[in-house]
2 protein chains.
Amino acid sequence: MADRQLYRLHASICQTLANAKRLEIIDQLRSGEMPVTVLAEALEISQANLSQHLAVMRQNGIVATRREGLNVYYRLSNPKITQACDLMRQVLLEHLEAGAELARAEKRKEPRP
Amino acid sequence: MADRQLYRLHASICQTLANAKRLEIIDQLRSGEMPVTVLAEALEISQANLSQHLAVMRQNGIVATRREGLNVYYRLSNPKITQACDLMRQVLLEHLEAGAELARAEKRKEPRP
DNA sequence: TTTATATATTAGATATTTAGAATATTGTAA
DNA sequence: TTACAATATTCTAAATATCTAATATATAAA
């Protein structure tokens, strides 16, 4: 199969989303573009670190930029990114809920005090 | 913000998808459940390694299992997983396409031979 | 019980990712 | 030109993830 390479690229897209700070960046950009400074304040991380994360996201086509004077405005490059994130969040929540349900079931098995 | 923890969990879901072999596993399981042996043949990796990948996916609620005699059948635990994968694949393809388009544009700028 | 088959786990070596520090670049204004 | 603000890059060590090899467990059949 020649699409082993495609799987690799697909994995690197996922890898780009596999970081809490980067997911937070995506959430911040949901409402529209914003300059790096504003992002840095919202995320509470260093400018250098934020810039690194943004570089990874740029390289993988997750965000796009527009410069205006000193500021560089970042935006999500594709609405499908938020859709994918939403779906994964739902998978997570359903998994957590299933775990909680299991825990409750176990609880019910315990002998009365 | 207390949902920093949620971002972490969300990231670990993404991390689970951020591996070419695991994406291939997901693609194999699209058509329905199958035992580990069959998966191992399709993926061309060692049994032990496959089992490790499956363990990661189980822990993150991506797959579920059912034992029947000696065989353990794996299946995707949630149809949203394939939906999310599809969306990310589309993002990837659109990004690749945009890159190719850029390359073509550059090509057009080159002087005639 | 012993044996065989399918699957899971552990340990250790190697590779990849991450954050912080220092430094560089870009654009604007004095 | 120099100075400054916003952003990007490079380097490094620590943390994580991955693979291989060896070993363990579970189920069924003899």
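This one's a predicted model, so the numbers in the text were calculated from it and none came from an experiment. First the proteins, then the strands, lettered A, B, ... as listed; each starts at 1.
For the pair A:Leu43 and A:Ile25, the tightest heavy-atom approach, listed with the atom from each and the gap, is CD1-CG1, 3.2 Å. Of all heavy-atom pairs between B:Pro35 and B:Asn71, the closest is CB-CB, 4.1 Å.
For B:Leu50 and C:dA8, the CG to P distance is 8 Å, given to the nearest whole Å. Taking atom CG on A:Asn71 and atom C1' on C:dT26, their separation rounds to 12 Å, with Å as the unit. Protein atom NE2 of B:His53 is 16 Å distant from nucleotide atom P of C:dT7, rounded to whole Å. The distance between atom CD1 of B:Ile45 and atom P of C:dA8, rounded to the nearest whole Å, is 12 Å. The distance from atom CZ of A:Arg8 to atom C1' of C:dA15 is 14 Å, rounded to the nearest whole Å. One can place CZ of B:Arg66 at 15 Å from C1' of C:dT7, the figure rounded to the nearest angstrom.
A:Arg22 has a side-chain polar atom (N or O) that falls below the 4.0 Å cut-off from OP1 or OP2 of C:dT18.
Residue-level contact check: B:Tyr73 touches neither bases nor backbone, having no heavy atom under 4.0 Å from any strand. Using a 4.0 Å heavy-atom distance criterion, B:Ser51 is classed as a base contact. Using a 4.0 Å heavy-atom cutoff across all strands shown, A:Asn49 reaches at least one base atom of the nucleic acid.
Place B:Val38 and A:Lys21 on DNA chain C by their nearest nucleotides, and B:Val38 ends up nearer the 5' end. Closest-nucleotide positions on DNA chain C for A:Leu70 and A:Asn19 were compared, and the one nearer the 5' end corresponds to A:Asn19. Of the two residues near DNA chain D, B:Ser46 and A:Val36, the one whose nearest nucleotide lies more 5' is A:Val36. Nearest-nucleotide positions on DNA chain D for B:Arg67 and A:Pro35 put A:Pro35 closer to the 5' end.
When DNA chain D is scanned in the 5' to 3' direction for atoms under 4.0 Å from non-hydrogen atoms of chain B, the outermost contacting nucleotides are D:dA17 to D:dA28.
Residue-to-nucleotide contacts include no donor-acceptor pair under 3.5 Å from the side chain of B:Gln47 to the base of C:dA6. A donor and an acceptor atom never sit less than 3.5 Å apart when one is taken from the side chain of A:Gln52 and the other from the base of C:dT17.
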Go through B:Tyr7 and A:Asp27 one step at a time and tell me if the side chain to side chain donor-acceptor pair (under 3.5 Å) criterion holds.
CA-CA 10 Å; B:Tyr7 282 118; A:Asp27 266 7; 2.6 Å; yes

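Using a 4.5 Å heavy-atom cutoff, the side chains of A:Arg30 and A:Cys85 are in contact.
Counted by atom type alone, B:Tyr74 and B:Arg66 present zero donor-acceptor pairs between their side chains at under 3.5 Å.
One hydrophobic cluster holds both A:Leu23 and B:Leu92 under the rule that ILVMFWY side chains link at heavy-atom gaps under 4.5 Å. In this structure, A:Met57 is a member of the same hydrophobic cluster as A:Leu29, with clusters built from ILVMFWY side-chain heavy atoms closer than 4.5 Å.
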